[in-house]
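Reviewing the structure listed below.
Each residue takes its place number in the sequence, starting with 1. Because the structure is predicted, anything quoted here is derived from the model rather than measured.
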Amino acid sequence: MCLFFHRRNAAPIGALLFIAAIAVSQAACSGDDSGDTNTEPSADDCAPHQTWNPIAKECIDEAPDLDTGISSSTADTGGNDTGSDTGSDAEAPDTLHDVDDDTDPDPLTCQGLDCQQVDCGVGQTPTSIRGTITIPSGELPLPDVAVYVPDGPLEPLTEGASCEQCQDELSATPLVSTRTNTRGEFRLDNVPVGNDIPLVIEVGKWRRHVTVPTIEECTENEVDDDLLRLPKNQQEGDLPQIAMTTGGWDAMECLMRKIGVSTSEFTTEEGDGKIHLFAGREGTRSFDGGATFTNAWDWWDDLDNLLKYDLIIHSCEGQPFLEDKPSQARQALRDFTDVGGRVFLSHFHYTWLQHGPDDFQSVADWGGMSILSDTETGFIDTSFDKGQMLFDWMNHAGTDVSDGFPINEARGSITSINEDLAQEWVWIEPEEPPITLPGMPETEDEVPQYFSFNTPVTLPEEEQCGRVVFSDIHVAAGESSSTANPFPTGCTSGSLTPQEKVLIFRLFDLSRCIAPDKKGAF
């Protein structure tokens, strides 16, 4: 809105100031009258020294090159309305977090750690820390992870399915905060100076609270890499509560160990571990020298059983085994996601969707299993922002995906995806004609291998809070989950494969607050 003022008998100097004010006001109102001050921001608004963050939907300052000679950027906490700011360019004045332009915080008005923030002055290096956030094993970086100094105690995380919005994503009010880029890198500016400074890394319900021994003022401080891992166990921090069913054709429990989760965190539902194992058909059903798992089909038909968990992971069993998944169980899984639960389904577990409640059936059409060749080439769908983030991250994580990446044990169960409800992430073009069983539709030229959708399916995007991810790949190909191999004796493979890296990205994304994934959503 343009504001115009009228004042009688103004003093000459006051009149000049007043005229100047009118000129500024008129200038602000000049130009195209059709402009809307509430127009959604876009990459076109960014200055030359800024880059566009599609998740936070804002322009962010580029951080100086790291030792590797690459450029990184930092952003704020996305939808978290905490008043926290992002790191600024190292050569810019340090004006973050209500620190007076040319003075240090007033000891009579500041409280806690904000009394230890120091204004380094124009043109000086701000007090900062930088590093790379990694998965618990330390092997892979992670993008879009919150890094912050808490301005007070951390709140306990809610355990079990819950509908939490992105603006409430962080478990404490940050004093200063940022997020990692697609290389997992961050720079956090204007951090408090002194000893034993708290630092939190957090993505979904993965959270680690560490103490940085010393922060020196007006310089860039390094942090021990081991402090920048997500937690391996409950002694190091918080992990989501996960229910995992085993299956003879996919060993998802082995992948969780490769991520770096300590073996001690794998227990039955009677134990205090963060990953509870249940026995699926033909899969591992006991611990090596220890307890036997509860049968999955005796557990998953009761919604109260499911609601105790943040995330449910179903490993492929080799057949749909619909008789083990009665309508009560299928309804319970759908209701679990509607209240904020997260679900990962591997291959034949598509039966939860194909034969589920009507809204689950509506996300895709299924033709049964078409067997493809042992090795296919997967392509990442970069037509939406998170797909582009996955593409960039894979390249930074040591796998060049410019011409696709190898996939072992791909399948062709999906005839088509409802693009109004679900988002494709990875697809293949079969190199050889697929083997299609009698009565099954022919496989398309492009076959989806990963897709996701948010729940409740029928609600507007801003009201959704659960998520389902489907994989038509035996992700942990090379590992063995069978009745002959008690856990973890079947977990024998070495380095992470490209398809396992994709799944790791998807599993951590699955634990985040819910945001639309569909094309053009951002």
Q | side-chain contact (heavy atoms from CB on, under 4.5 Å) assessment of L230 paired with I201 | A | CA-CA 7 Å; L230 288 177; I201 55 177; 4.1 Å; yes
Q.
Between L345 and V469, does the side-chain contact (heavy atoms from CB on, under 4.5 Å) criterion hold? Intermediate values first, please.
A. CA-CA 6 Å; L345 304 173; V469 171; over 6 Å; no
Q: Test side-chain contact (heavy atoms from CB on, under 4.5 Å) on V426 and F405 and set out the steps.
A: CA-CA 10 Å; V426 174; F405 64 95; 3.9 Å; yes
Q. Does the pair T211 and I197 meet the rule for a side-chain contact (heavy atoms from CB on, under 4.5 Å), with working shown?
A. CA-CA 5 Å; T211 300; I197 303 300; over 6 Å; no
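Heavy-atom contacts from other residues, nucleotides or ligands closer than 6.0 Å to CD of Q234 number more than 12. Applying the 6.0 Å contact sphere to CG of D272 captures no more than 12 heavy atoms from other residues, nucleotides or ligands.
Listed here is the closest heavy atom pair of G184 and P141: CA-CB, 3.9 Å. R183 approaches T132 most closely through the heavy-atom pair O-CG2, 3.7 Å. Smallest separation of non-hydrogen atoms from F391 and T382: CB-CG2, 3.7 Å. Closest approach of P150 to A172, counting heavy atoms only: CB-CB, 4.2 Å.
Put simply, the side chain of F186 does not reach to within 4.5 Å of the side chain of N181, judged on heavy atoms. You'll find the side chain of P192 reaches within 4.5 Å of the side chain of V149, heavy atoms only. Side-chain atoms of L140 and T134, non-hydrogen and from C-beta on, never get closer than 4.5 Å to each other. Side-chain contact between L170 and E202: present, with at least one pair of heavy atoms (C-beta onward) separated by less than 4.5 Å. Contact annotation: the side chain of L390 never approaches that of Y450 to less than 4.5 Å [non-hydrogen atoms, C-beta and beyond]. Using a 4.5 Å heavy-atom cutoff, the side chains of W352 and W300 are in contact. Proximity of M389 to P143: side-chain heavy atoms (C-beta onward) are separated by under 4.5 Å at one or more points. Between I313 and T245 the shortest side-chain heavy-atom distance does not fall below 4.5 Å.
The pair E500-K258 meets the salt-bridge criterion, since a charged nitrogen lies less than 4.0 angstrom from a carboxylate oxygen. Checked for salt-bridge contact, R229 and E236 meet the test: a charged N lies under 4.0 Å from a carboxylate O. Between R512 and D144 there is a salt bridge, since at least one side-chain N of the basic residue sits less than 4.0 Å from a carboxylate O of the acidic one. Here D359 pairs with R334 in a salt bridge; the nearest charged N to carboxylate O distance falls below 4.0 Å. Using a 4.0 Å cut-off between charged nitrogen and carboxylate oxygen, R130 and E222 do not count as a salt-bridge pair.
Of the possible donor and acceptor atoms, one in the side chain of Q116 sits under 3.5 Å from a partner among the backbone N and O of V193. Remark: side-chain polar atoms of S452 are not paired, donor with acceptor, to backbone N or O of V468 under 3.5 angstrom. Looking only at distances, no side-chain donor or acceptor of T127 sits under 3.5 Å from a matching main-chain atom of N190. Using a distance-only test at 3.5 Å, with no hydrogens or angles considered, no donor-acceptor pair links the side chain of H209 to the main chain of P198. D288 places no side-chain N or O within donor-acceptor distance of the main-chain N or O of P488, the cut-off being under 3.5 Å. Proximity of a side-chain donor or acceptor of R467 to a complementary backbone N or O of D509 within less than 3.5 Å is detected. At least one donor-acceptor pair closer than 3.5 Å links the side chain of T267 to the backbone N or O of G273. Panel note: side chain T455, backbone T337; a donor-acceptor pair is recorded below 3.5 Å.
A donor atom on one side chain and an acceptor atom on the other are not found under 3.5 Å apart for S511 and R342. Judged by distance alone, the side chains of T173 and D151 never bring a donor and an acceptor atom under 3.5 Å apart. Side-chain polar atoms of E253 and S481 form a donor-acceptor pair below 3.5 angstrom. For the 3.5 Å distance criterion, the side chains of Q449 and S471 fail to qualify, holding no donor opposite an acceptor. The closest side-chain donor-acceptor pair between S262 and N233 falls under 3.5 angstrom.
Here the straight-line distance linking atom CD of E216 with atom OG of S128 works out to 11.5 Å at 0.5 Å rounding. How far CZ of F293 is from OG1 of T284: 6.5 Å, rounded to the nearest 0.5 Å. Taken to the nearest 0.5 Å, the CG atom of L227 stands 8.5 Å off from the CG atom of L199. Taking CG from N454 and CG from L421, the interatomic distance works out to 10.5 Å, rounded to the nearest 0.5 Å. Atom CG of residue D335 and atom CZ of residue R330 lie 13.0 Å apart, to the nearest 0.5 angstrom. Between the CD atom of Q241 and the CG atom of D310 there is a distance of 7.0 Å, given to the nearest 0.5 Å.
If you run side chain to side chain contact (heavy atoms under 4.5 Å, CB included) between S383 and each of D381, D385, I380, only D381 comes through.
Under the 30°/60° scheme for interplanar angles, the aromatic rings of W206 and F508 are found to be tilted. Classified by interplanar angle (parallel below 30°, tilted 30° to 60°, perpendicular above 60°), the ring pair F266/F487 is tilted. Between F278 and Y309, the ring planes are perpendicular. Angles over 60° get that label, and only those under 30° would be called parallel.
In this structure, R506 satisfies the cation-pi test against W425, with its NZ or CZ atom closer than 6.0 Å to the six-membered ring centre and inside 45 degrees of the ring normal.
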